[in-house]
Structures are given as structure tokens and as C-alpha cells.
Amino acid sequence: MERALSEARAAAERGEVPIGAVIVGPDGTFLASAGNRTQADRDPTAHAELLAIRAAAVAVGAPRLVECDLYVTLEPCPMCAQAISFARLRRLYYGASDPKGGGVEHGPRIFGQPTCHHRPEIYGGIGESEAAALLQGFFRERR
């Protein structure tokens, strides 16, 4: 999670919402990491999770990331949760909960839907206080 938090800090320095993501392979090797780039890429889908999933898929040479784990600093939104399911990630570790925009344990709870094809193991609250502090500080500065 420390590497995901580092990606989140770097995103904040670029003026992006401070969210970072890391994907680790089945043997614990680092496959990909990313921070949000929605502003820089002018792309509403350039969330840290999606960028990391894309890079990891290229690294393994396959569209499925079976037996891989995702670490992300904020509970994924519904779009990212669906991508996690499509990528067949084994485990999701996230930092802060997102009652307003989350799609895992809040909102539509994507993995609990009968139409969800794959449900990763979910572990929330990992590095929660630091992830929440990054987000709170970022938005406090902008208000």
C-alpha cells in the first residue's frame, strides 16, 4: 500500500485527485502502478485503477489478471469495480472508504450484484488514515 500512497501523493502534486493504485503478480512481483491522470489525459476514465490494470495487462500479455492483487488508496468507484471484475483480479485491498462515490461497499456494491461475473476478495481500511488525510487535505486546499 505504501507504493499506492506514493502514487497518490505524486498525483496530488500534479493537481490530480490523490488516488494511487498498484498491481502485484501471483508471486508478489510488482506489475504496474499509477496515479489518477484524468486532468492530464483529459480523460474521465483515467482513474488510477484503470491505468494500473491496463499496464499490468500489457506486462503479463493477457487481458485477465488472474491471481493478481490490486492495492488502491480509495474504495473503487463503480466503473473501476466493474473493470476489476472483468480483469479477474484475485484480491482488492483499499485504503479509505468512499460513501459518496464508492462502488464496492457503498453505492451499487458491484461485486454483490447477480450480474457480476467475478468477485475478488476484498480488504478495506489498509492505510486508511493516510489515504483519507491525503484526500481531505487535497480538497481542503481547493475550497
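Positions are given from 1 along the sequence. Hydrogens, waters and symmetry mates are skipped; everything else that's a heavy atom, side chains included, is used.
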(message) Could you check whether Glu49 pairs with Arg54 (Lys NZ or Arg NE/NH1/NH2 to Asp/Glu carboxylate O, under 4.0 Å)?
(response) no
(request) Drop me the distance from Arg9's CZ to Leu134's CG, to the nearest 0.5 angstrom. (result) 6.5 Å
(message) Could you check whether any side-chain N or O of Asp27 sits under 3.5 Å from a backbone N or O of Thr29, counting only pairs where one atom can act as donor and the other as acceptor?
(response) yes
(message) My understanding is that only one of Val104, Leu92, Ile110 makes a side-chain contact (heavy atoms from CB on, under 4.5 Å) with Ile84; could you say which?
(response) Leu92
(message) Quick check: closest heavy atoms across Cys116 and Ser85, and the distance to 0.1 Å?
(response) SG-OG, 3.5 Å
(message) Nearest 0.5 Å, please: how far is NE2 in His47 from CG in Asp43?
(response) 8.5 Å
(message) Just verifying a value: how many Å separate Glu128 CD and Glu75 CD, rounded to the nearest 0.5 Å?
(response) 10.5 Å
(request) Give a yes or no on whether the backbone of Gln113 and the side-chain of Arg119 come within a donor-acceptor separation of less than 3.5 Å. (result) yes
(message) Is it the case that over 12 heavy atoms from other parts of the model lie below 6.0 angstrom from the CZ atom of Arg42?
(response) no
(message) Quick check: closest heavy atoms across Ala32 and Ala56, and the distance to 0.1 Å?
(response) CB-N, 3.6 Å
(message) Distance check, rounded to the nearest 0.5 Å: Gln136 atom CD versus Ser129 atom OG?
(response) 10.0 Å
(message) Could you see if Ile122 belongs to whatever hydrophobic cluster contains Leu89? Use Ile, Leu, Val, Met, Phe, Trp, Tyr and a side-chain cutoff under 4.5 Å.
(response) yes
(request) Identify the heavy atoms of Pro108 and Gly103 that sit nearest to each other, and give their distance. (result) CD-CA, 4.1 Å
(message) I need the minimum non-hydrogen distance between Cys80 and Pro76, along with the two atoms involved.
(response) CB-CB, 3.9 Å
(message) Are Leu70 and Met1 linked, directly or through intermediate hydrophobic residues, by side-chain heavy-atom contacts shorter than 4.5 Å (ILVMFWY only)?
(response) no
(request) Grab the two heavy atoms, one from Ala34 and one from Ala52, that are nearest each other, plus how far apart they are. (result) CB-N, 3.9 Å
Got a list of side-chain donor-acceptor pairs under 3.5 Å for residues 16-25, not counting sequence neighbours?
{"residue": "Glu16", "atom": "OE1", "partner": "Thr38", "partner atom": "N", "Å": "3.2"}
{"residue": "Glu16", "atom": "OE1", "partner": "Thr38", "partner atom": "OG1", "Å": "3.4"}
{"residue": "Glu16", "atom": "OE1", "partner": "Gln39", "partner atom": "N", "Å": "3.0"}
{"residue": "Glu16", "atom": "OE2", "partner": "Gln39", "partner atom": "N", "Å": "3.2"}
{"residue": "Glu16", "atom": "OE2", "partner": "Ala40", "partner atom": "N", "Å": "2.8"}

(request) Could you tell me which residues satisfy side-chain hydrogen bond (donor to acceptor under 3.5 Å, both in side chains) with Asp69, sequence neighbours excluded, listed by chain and number? (result) Arg90, Arg91
(message) Within this structure, what is the CG-CG distance for the pair Leu65 and Leu31, rounded to the nearest 0.5 Å?
(response) 7.5 Å
(request) Could you list all the ring-ring contact (aromatic ring centres under 6.0 Å, His included) pairs where at least one residue sits in residues 79-129, not counting sequence neighbours? (result) Tyr71-Tyr93, Tyr93-Tyr123
(request) Starting at CG of Asp41, measure out to CG of Asn36 and round the result to the nearest 0.5 Å. (result) 10.0 Å
